Protein chains: 2
Amino acid sequence: MNESSPRQGSSAASKRKDARRNQQTLLDAAAAVFVTSGVDAPVREIAAEAGVGLGTFYRHFPTRADLVIAVYRHQVDNCAEAGPALLAAGPTPFAALERWVDLFVDFLVTKHGLAAAMQADSTGFEALHAHFLDRLVPVCSQLLDAAAAAGEIRPDLDAYHFMRGIGNLCIGTDSDPRYDARRLIALLLAGLRQPHRT
Amino acid sequence: MNESSPRQGSSAASKRKDARRNQQTLLDAAAAVFVTSGVDAPVREIAAEAGVGLGTFYRHFPTRADLVIAVYRHQVDNCAEAGPALLAAGPTPFAALERWVDLFVDFLVTKHGLAAAMQADSTGFEALHAHFLDRLVPVCSQLLDAAAAAGEIRPDLDAYHFMRGIGNLCIGTDSDPRYDARRLIALLLAGLRQPHRT
DNA sequence: TACGATACGGAACGCAGTTCCGTTTTACAA
DNA sequence: TTGTAAAACGGAACTGCGTTCCGTATCGTA
C-alpha cells in the first residue's frame, strides 16, 4: 500500500526518454524554487526554471499540489520511518515522541510556507494534506500509544489531532520572526503529560 | 489612540449622504456574505450583494482586508472589553483566562475561515492581523499576568505567542469537522499549568 | 527513412484583487 | 429654483494566478 508498488504514475518509468528527463528536471527546479520563493511559488516560475512550457508541467503533474507532494514525498517518508527507529532507540517512549516531533517540526518549518499550504481548504493542497496524514498518522499514533502505555502521557489524544495541532502551530514561522512555534509545541507536549481532566 | 477620536476615515461621518449610506450597505452586505461564503468571498460578490460597483467598494475600503477589519471591529472590541470584566468576576485569574479563551475561540471559529485569513502573509490580511493583535494582546497579557501572579500558570509565555498559538490552532475548523481545536487549546492551557521546565 | 504515437510549448481561459476614468449625484450658492 | 464644481458612482480593464487546449516537434519503431 506504499512505495513497494511501482505504480506511482508520476515517479516510475513512464514511456519516453525526454518525458522522464523533463519530469526529473521539473522536480529539481521545483525543489530549488521552493527554497528561494517558498511553496507558493507560481507554476510559471517553476516551469521557467526547468526550461519547459506550462503544458509540460501539467502533463507531468495534473495539479500544482501534485508537484509539491512529489517534491516532498521522500522527506515525508523519511519522517515516517524515523518513528519506529526513535522508539527503539530512545530511553523512553516520550523521549522518542519529543524527538520525532522535533523532526516533524523541522520539516514543516524548513520549507517556507509548507505548514500553511497544508491547510486542506485553501489553494488545493488536499492531496498533500492527505499524503501527509496517511503516511504519518500511523507513525505518530504508535509513538503516542507507546508513551501512553508507559504512563508518560494521557491517552485521550488521537494522533490526527496531535499532528494537526503541531502542523497548525507551525504556520506563519516564516512571516514573523518573533513567532516561535516550538515554544507552543513544547507547551502542548507539557499539556499531554497532565493527568486526565476530572 | 483608539475609538475616542472620530478620525477613522472609514467609519466616522465622512461627507456625503450617499457615501455614508453605501458604506453601511457594504458593511451589512459583507457581514451577510461572510456568513454564507466565508471571509474569502470575492469582492465582486460583496459589491453585488450591496448593489454597488467595484469602484465604490474600493473607495470605501482601500483593500479587501480593510473591509474585513471594519466588519469585525466591534466584535474584536467586545472581546477586548470582556477581559477585565472576566478577571473581576471569575473565582480565579485562571478561570477568567479560560473563559476569555473560550470567547476568543468562539469568535475565530464562528466566522468561516477567519482564523486562516489571519495569517499575516497570505492574501493581504496584515491589517486585520495587526488590529487583532493591537487590541487583544494587552488584554490577554493582563489575564496571563494575573494568573501567573496567582501562581496558577507558569509565567514564561507572552501573550503574543499564546494568542498566535490559539489562533493557529483554530485554523481549519470549517474544512474538517473531525478536527476539534478546543481540545488542543485545552491541552495548551494544561501545559501552561506545568511548572517551569528545569 | 517514414510515420504514428507521444510529448512539447505557449497562447488563451476563468477567476481573483485592484485601478482608472467617464458619468451621475449631491450639496451649496446665486 | 437652478447652475455648477466637487464628490461619489459603476464597471471596463489590468495584473497575476492556476489550468486547459491544440498546433507543432520529437521519439521510437517498422
Side-chain angles (χ1 to χ4, degrees), chain A residues 9-10 12-27 29-30 33-34 37-71 113 116-117 119 121-128, chain B residues 9-27 29-30 33-34 37-71 113 116-117 119-128:
Chain A
S10 62
S14 308
K15 282 268 161 74
R16 252 170 62 172
K17 187 175 46 177
D18 55 347
R20 252 196 322 281
R21 179 168 41 75
N22 271 327
Q23 171 142 332
Q24 190 55 49
T25 305
L26 274 167
L27 284 170
V33 168
F34 287 167
S37 306
V39 267
D40 290 328
V43 169
R44 282 167 177 79
E45 184 178 346
I46 297 163
E49 170 80 19
V52 305
L54 285 167
T56 302
F57 180 99
Y58 278 98
R59 205 163 322 92
H60 287 297
F61 305 100
T63 220
R64 219 187 144 288
D66 292 306
L67 171 73
V68 182
I69 289 187
V71 169
Q119 290 175 69
D121 53 326
S122 56
T123 330
F125 282 87
E126 302 82 15
L128 213 201
Chain B
S10 62
S11 60
S14 307
K15 283 265 163 74
R16 257 169 60 170
K17 187 175 44 178
D18 54 347
R20 251 195 323 280
R21 180 170 37 78
N22 272 327
Q23 171 144 329
Q24 190 55 51
T25 306
L26 274 166
L27 284 170
V33 169
F34 286 169
S37 307
V39 266
D40 290 329
V43 169
R44 281 166 178 79
E45 185 178 344
I46 297 162
E49 170 80 20
V52 305
L54 286 167
T56 303
F57 181 99
Y58 279 98
R59 204 162 324 91
H60 286 296
F61 305 98
T63 221
R64 217 188 146 286
D66 292 307
L67 171 72
V68 182
I69 289 188
V71 168
Q119 291 175 67
D121 53 326
S122 57
T123 329
F125 280 86
E126 301 82 14
L128 213 202

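This is a predicted model, so every value here is computed, not measured. The chains referred to below are lettered A, B, ... by the order of the sequence lines, with proteins before strands, and numbering in each begins at 1.
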Exercise for review: Check if the side chain of A:Arg44 and the base of D:dG16 share a donor-acceptor pair of N or O atoms closer than 3.5 Å.
Suggested key: no
Review point. Using rotation axes that map the C1' atoms of four end pairs onto the next four (five pairs an end), what angle separates the end axes of the helix from C:dT1-D:dA30 to C:dA30-D:dT1, to 10°?
Key: 20°
Point to revise | Donor-acceptor contact below 3.5 Å, side chain A:Asp66 vs main chain A:Thr63 | key: yes
Check your understanding: Pick from B:Lys15, B:Arg16, B:Arg21: which one makes a side-chain hydrogen bond (donor to acceptor under 3.5 Å, both in side chains) with B:Asp18?
Key -> B:Arg16
Practice item. Could you check B:Phe61 against B:Val71 for side-chain contact (heavy atoms from CB on, under 4.5 Å), going step by step and ending with a plain yes or no? Key: CA-CA 11 Å; B:Phe61 305 98; B:Val71 168; over 6 Å; no
Point to revise | Whole angstrom value for the distance that separates C1' of D:dG10 from CG of B:Leu26 | key: 13 Å
Point to revise | Set of residues satisfying side chain to side chain contact (heavy atoms under 4.5 Å, CB included) with respect to B:Tyr58, sequence neighbours excluded | key: B:Val43
Revision key, fill the gap. Taking for B:Phe57 and for A:Arg59 the nucleotide of DNA chain C with the nearest heavy atom, the one nearer the 5' end belongs to A:Arg59
Point to revise | Nearest-angstrom distance from the residue atom CZ of A:Arg64 to P of C:dA16 | key: 18 Å
Point to revise | B:Arg20 CZ to C:dT26 P, straight-line distance once rounded to whole Å | key: 13 Å
Point to revise | Residue pairs involving residues 44-57 of chain A (criterion side-chain hydrogen bond (donor to acceptor under 3.5 Å, both in side chains); sequence neighbours excluded) | key: A:Ser37-A:Glu45
Practice item. Could you check which of D:dA13, D:dG18, D:dC27 has an atom nearest any side-chain atom of A:Asp18? Key: D:dC27
Provide a list of protein-nucleic acid N or O atom pairs under 3.5 angstrom, restricted to nucleotides 1-7 of chain D.
{"residue": "D:dA7", "atom": "N3", "partner": "B:Arg16", "partner atom": "NH1", "Å": "2.7"}

Study note, to complete from the structure: Closest of D:dG28, C:dG17, D:dC9 to the A:Lys17 side chain is D:dG28
**Study point:** Gap between atoms NE2 and C1', on B:His60 and D:dG10 respectively (whole Å)
**Key:** 12 Å
Exercise for review: For DNA chain D, find the residues of residues 46-55 of chain A with a heavy-atom distance under 4.0 Å and give them by number; none if there aren't any.
Suggested key: A:Leu54, A:Gly55
